[in-house]
Amino acid sequence: MSDQAKSDFFNGLQQNLDQLREQGLYKPERVLSSRQGAEVVGQDGRKLINMCANNYLGLSGQEWVAQASIAATEKYGYGLSSVRFICGTQTVHKQLEQAISKFLGTEDTILYAAAFDANGGVFEPLFDENDAIISDALNHASIIDGIRLCKAARFRYAHNDMADLEAQLQAAAGKRHKLIVTDGVFSMDGTIAQLDKICDLADKYGALVMIDECHASGFMGATGRGTHEHHNVMGRIDIITGTLGKALGGAMGGFTSARKEVIDMLRQKSRPYLFSNTLAPSIAGASLAVLERLSASTELRDRLHENTAYFRKEIERIGFTIKPGTHPVVPVMLFDAPVAQKFAARMYELGVLLSGFFYPVVPMGQARVRVQLSAAHTREQLDTVLKAFEQAGRELGLLPTQAQ
Ligand SMILES: *Cc1c(COP(=O)(O)O)cnc(C)c1O
C-alpha cells in the first residue's frame with residue numbers, strides 16, 4: 001500500500017470510531033484491579049458492588065474454584081499445544097465431557113474454547129441445503145453467525161412468538177430436517193424460552209430442538225440443570241450449547257451436548273473444534289469441581305433465586321418498573337436513553353456497578369439498566385444497592401422526592 005492508501009485506511013477507522021463516540025455507542029472497558037465477585041475494586045481503588053457480571057453462582061472469584069484450577073495445572077500442566085485430535089485430549093477433558101452430559105441429562109458432550117465457538121461450529125456439520133433452521137429473532141450473535149456458516153435454509157420467527165414459530169415450521173415443510181433453535185434464556189430481558197410449547201410444536205412438525213443455555217446452565221430448574229429442567233422437557237431437547245464462562249465458574253470455554261451421533265460428527269467436522277486449541281486443563285479441572293459441587297447441593301442455586309426474588313420484590317416496592325419474571329437478569333426500565341446513561345453513572349458514584357442499555361441494543365424507548373443477581377450477594381449488599389437505586393431515582397426525578 002502507498003502511504004496515502006494506508007493513511008486513508010487508518011483515518012477512516014478513526015472517523016468511524018469518532019462517530020461511535022458521538023452516537024454514544026462507543027464501549028469503553030472497565031478495568032478491575034481485583035478478582036471478580038459481589039464486590040470488586042476499580043482501577044482507581046474504589047470498591048463497587050458488582051451488579052453486572054454473569055457470575056450467577058458467585059464462583060468466578062471463589063478460592064476453592066481457583067484452587068481446583070491450580071490443582072489441575074499442577075497435574076496436567078499449563079496447556080497442550082495441540083488440538084484435541086492430535087495430542088490435546090487428557091483424562092480431565094474426557095471426565096469433564098462426561099460430567100456435563102450427566103449434569104444436563106444428555107449422552108455425550110464436546111468441549112470448545114468458548115460457547116461462541118460451540119454455536120459457530122454446530123450447524124454446518126449437521127445440516128445442509130436440504131434442511132431448514134428456524135431461529136428466534138433475538139437469538140445470540142454466535143447462533144446467528146453459526147447459521148450463516150451453514151447452507152441450510154433460514155427461517156426466523158418473531159421473538160418468543162409461538163404462532164409465528166408454527167407459521168415458520170409450516171413454511172419449512174418441504175425441507176428434510178428442521179431444527180428450531182433458541183436461547184434458553186434471553187439475557188437482555190431475562191425472558192425464558194417457552195420450551196414446553198416449542199417441544200410440542202417440534203413434535204407436531206417433526207423438528208429437532210436446540211437451546212443455548214449460557215444464561216441458564218447451573219441455576220435454572222429445581223436442581224440447576226437448565227431451562228429444559230425449568231420447563232420439564234429434559235430428554236426432549238436434541239442439542240444443548242452452553243458456556244463455562246458464566247455461572248459454571250466464569251473462566252472461559254463452551255460445550256455442545258447431545259446424542260452421541262451428533263457429538264461424534266461434531267468431533268469429525270466441527271471447524272472451531274478441529275482447528276483450534278484444546279481447552280486449558282486448569283479450566284477443565286475447575287469446571288469439573290464446579291459440576292461436582294452443583295450436583296451435590298442446590299445451595300448456591302437456591303441462594304441465587306432467593307436473592308433474585310428479594311431484589312425483584314424490593315425494587316418494585318421502591319417504585320421502579322421492571323420486566324416481570326423470575327430470572328436473575330432484572331431489567332429496571334428507565335425508558336429514556338440519556339436517563340439510563342445518567343442513572344448508571346450516578347450509581348457508579350454511589351458505589352454500584354451496573355450497565356445501561358439503550359437503542360439500538362434494546363428497542364427505542366426501552367432504555368434500562370440491567371441488574372444481574374448473584375448467589376454471592378449478601379442481603380446487606382442488596383440493601384445498599386436498593387438504597388442507591390432509591391437515591392439516584394429521587395435525584396433524577398424518577399421517584400417522588402420524599403416518600404417518608
Ligand atoms: C455469553 C453467551 C455466549 C458466548 O459464550 P462464550 O463462552 O463467552 O463464548 C453464547 N450464547 C449466549 C446466549 C450467551 O449469552
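Note: hydrogens, waters and symmetry copies are ignored here, and every other heavy atom, side chains too, is used. Whatever order the structure lists them in is the order used to number ligands and atoms, beginning at 1.
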Legend entry - Modelled atom types, side-chain donor and acceptor of T109 and S101, under 3.5 Å: yes
Legend entry - Sorted by chain and number, the residues that approach ligand 1 to under 4.0 Å with a heavy atom: A114, A115, F116, N119, H140, S142, D183, D212, C214, H215, T243, K246, G253
Legend entry - Gap between atom CG of L126 and atom SG of C150 - 0.5 Å precision: 8.5 Å
Legend entry - Among R370, H159, R368, Q366, side-chain hydrogen bond (donor to acceptor under 3.5 Å, both in side chains) partner for D189: R368
Legend entry - Salt bridge present between K6 and D3 (N-O < 4.0 angstrom): no
Legend entry - F85 vs R267 side-chain heavy atoms within contact, under 4.5 Å: no
Inset, instruction - Assign the ring pair H215 / Y56 to parallel, tilted or perpendicular, where the plane angle (0 to 90°) is split at 30° and 60°. - result: perpendicular
